[in-house]
Amino acid sequence: MSVDKRFYLTTPIYYVNDVPHIGHAYTTLACDVMARYKRARGYEVSFLTGTDEHGQKVEKAAHAKGETPLELADRVVKRFQSLWEKLNISNTDFIRTSQERHKLAVQEIFRTIEAKGDIYLGEYEDWYCTPCETFWTETNLLDGNCPDCGRPTDKLKEESYFFRMSKYQDQMLEHIEANPDFIQPKTRRNEILSFLREGLRDLSISRTTFSWGIPVPGNDKHVIYVWFDALTNYISALGYPNDSNDDFNKFWPCDAHVIGKDILRFHTIYWPTFLLAAGLPLPKKIFAHGWWTVEGQKMSKSLANVVEPNMLIDKYGVDAIRYFLLREVPFGLDGDFSHSALVHRINSDLANDLGNLVSRSTAMLSKYFKGELTTPCKETDIDKVLRDKFIQIVAVVYKHMEAFAFNKALQSIWELVSAANKYIDDSAPWTLAKDDDQRERLGTVMYNLLEAVRLISLLVTPFMPDTGARICTILGIDPEDQQLDKHDSWGLLKPGTMVEKATPLFPRIET
RNA sequence: GGCGGUGUAGCUCAGUUGGUUAGAGCAUGCGGCUCAUAUCCGCAGUGUCCGGAGUUCGAAUCUCUGCACCGCCA
């Protein structure tokens, strides 16, 4: 086992037939928070996102608009990329399945598995909707008709390459049983286990009905099936198979594939069995998060309630959105997005609790000491309680972060915000300020308070990078040099530092 | 239909291996402070722990059963 502190995590690659919505933003954001957290803990992080560009739907949509599939993809990719920039996403790479590096990797893994004898040419038989040019399984049909357009379907055969997935059923079962954390949360693991126990069939991994895709090596009539193509992005981005930058060697196996629950099976069965067949190590963890409803209703184009992330960021600010999405709902469960809940969180958690804490703390230091931190003196009981609480809860936050329990991590951080607010009440600086003999005590209280604010800002930074940096700047420390692994102990603020009087971090939203 | 899960305060949920008056946050009511973005701190509640039966000295927790809701079944 490597002792190097490296961490590789991925979002799914997003299909360019769809434009970015809150669901995409959520997955990507969760990964970003984890990536920033791991970096802050001293890890070298590889954080991949990207786009899935092949397939019949894209081909058809492009033709309908009179452009090539690649032109369509180029257009939509920009929308994803600009949103990630706006959301402050710190991905280290962006893979597109139309890229040459990806094509090379997909064809190589196909050849490898074929050479092993796990790919064979056969016939794919299913129900076909001619107008939609789409195959459907029997269970998907609605009264025998196409679930998309409602028109009748025909039973059709198509020549197809198959992957001997059935061969890996027992191996997968054993792996999942031996690794309880491989699939999270637990309910998703149960689903996959029961699915596996019912038996795996071989998987059709090529199509001949469209051409926008990666050709099967040695047979141009066939295009490689979208999931075989798409899943391979996780290693093609690392440079598989040539690995000229040594990234594949450094970062594979992946620490976590973060996905939505809709693509669970592809990631927990298809992908691992491909890897087993290719003789490559399996990812360490697949974490499937839940869905967002909007104002209590399912998001849908027909309801026109799809939440546009750009608009939200413009209206409420990027950090408020980042905070809300990860605080409101346990990662792994479904949740509801509502404007009233968002405004409520912004006002109570961000403006009243955190923002106001920074305001009152810096205002007092400014008023009583012209903003200059003094050397802390004798520690009292309430000081010790505060310090102990911070030491203890920092560890708890780390524990939650390692478990992808973002909402619990934030809850714990907010216990610290409350503790700091309570410390102000208990120590009553305004009373100390009236007595010249208490000058030293007042300075100590101010020091402890600002030190609490410093640690809170560090903990909050992975979630709200701009806010974290802003607080650091106010405290007169360099945000660039504030990694948790070097700065997470109590008492690191330097006496003599000049602290700014803060302007409100999060203005209250009047309702 | 098969498998899995959920049902606890007005709302969202915690409740470890069954053990004294069932908890947190938000919302509500009352009190306190004045440094602060009218913000903060403290106190107070209220619960047939979905229904029923059983095991036990003792069940929110274990067993059976009924009801309701949710997920998965290429």
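Below, read A as the first sequence line, B as the second, and so on, with proteins coming before strands; counting in each chain starts at 1.
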Just N and O in the side chain of [X]: are any of them under 4.0 Å from OP1 or OP2 of [N]?
X        : N     : value
A:Arg345 : B:C26 : no
A:Arg197 : B:C3  : no
A:His344 : B:C11 : no

Taking atom [atom1] in both [N] and [M], what distance in whole Å separates the two?
N     : M     : atom1 : answer
B:G23 : B:U8  : C1'   : 10 Å
B:G25 : B:G71 : C1'   : 27 Å
B:A60 : B:G18 : P     : 13 Å
B:A22 : B:A14 : C1'   : 11 Å
B:G45 : B:C30 : C1'   : 11 Å
B:U16 : B:G31 : C1'   : 36 Å
B:G10 : B:A27 : C1'   : 8 Å
B:G51 : B:G4  : C1'   : 23 Å

Per [X] side chain, nearest of listed nucleotides [options]:
X        : options             : value
A:Trp430 : B:A74, B:C40, B:C33 : B:C33
A:Glu191 : B:A36, B:C72, B:U39 : B:C72
A:Arg265 : B:C41, B:C73, B:C35 : B:C73
A:Asn356 : B:C40, B:C3, B:U39  : B:U39

Ring centroid separation [X] to [Y] under 6.0 Å:
X        : Y        : answer
A:Phe337 : A:Tyr26  : no
A:Phe163 : A:Tyr270 : no
A:Tyr120 : A:Tyr161 : no

Look through every strand shown and name the nucleotide pairing with [N] as Watson-Crick or G-U wobble, where both distances are under 3.5 Å.
N     : result
B:U12 : B:A24
B:A36 : none
B:G58 : none

At under 4.0 Å between heavy atoms, what does A:Ala363 touch on the DNA or RNA strands: base, sugar-phosphate, or nothing? sugar-phosphate

Taking any heavy-atom pair under 4.0 Å as a contact, classify A:Lys261: base, sugar-phosphate, or nothing.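 The residue A:Lys261 makes no contact with any strand.
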
Just wondering, more than 12 heavy atoms not from A:Lys116 lying within 6.0 Å of its NZ?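 Atom NZ in A:Lys116 is packed in, count exceeds 12.
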
Decide whether A:Asp349 and A:Tyr323 meet the rule of one side-chain donor and one side-chain acceptor closer than 3.5 Å. yes

Take the protein atom CG of A:Asn421 and the nucleotide atom C1' of B:U37, then report the distance between them rounded to whole Å.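 Value for this atom pair: 12 Å.
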
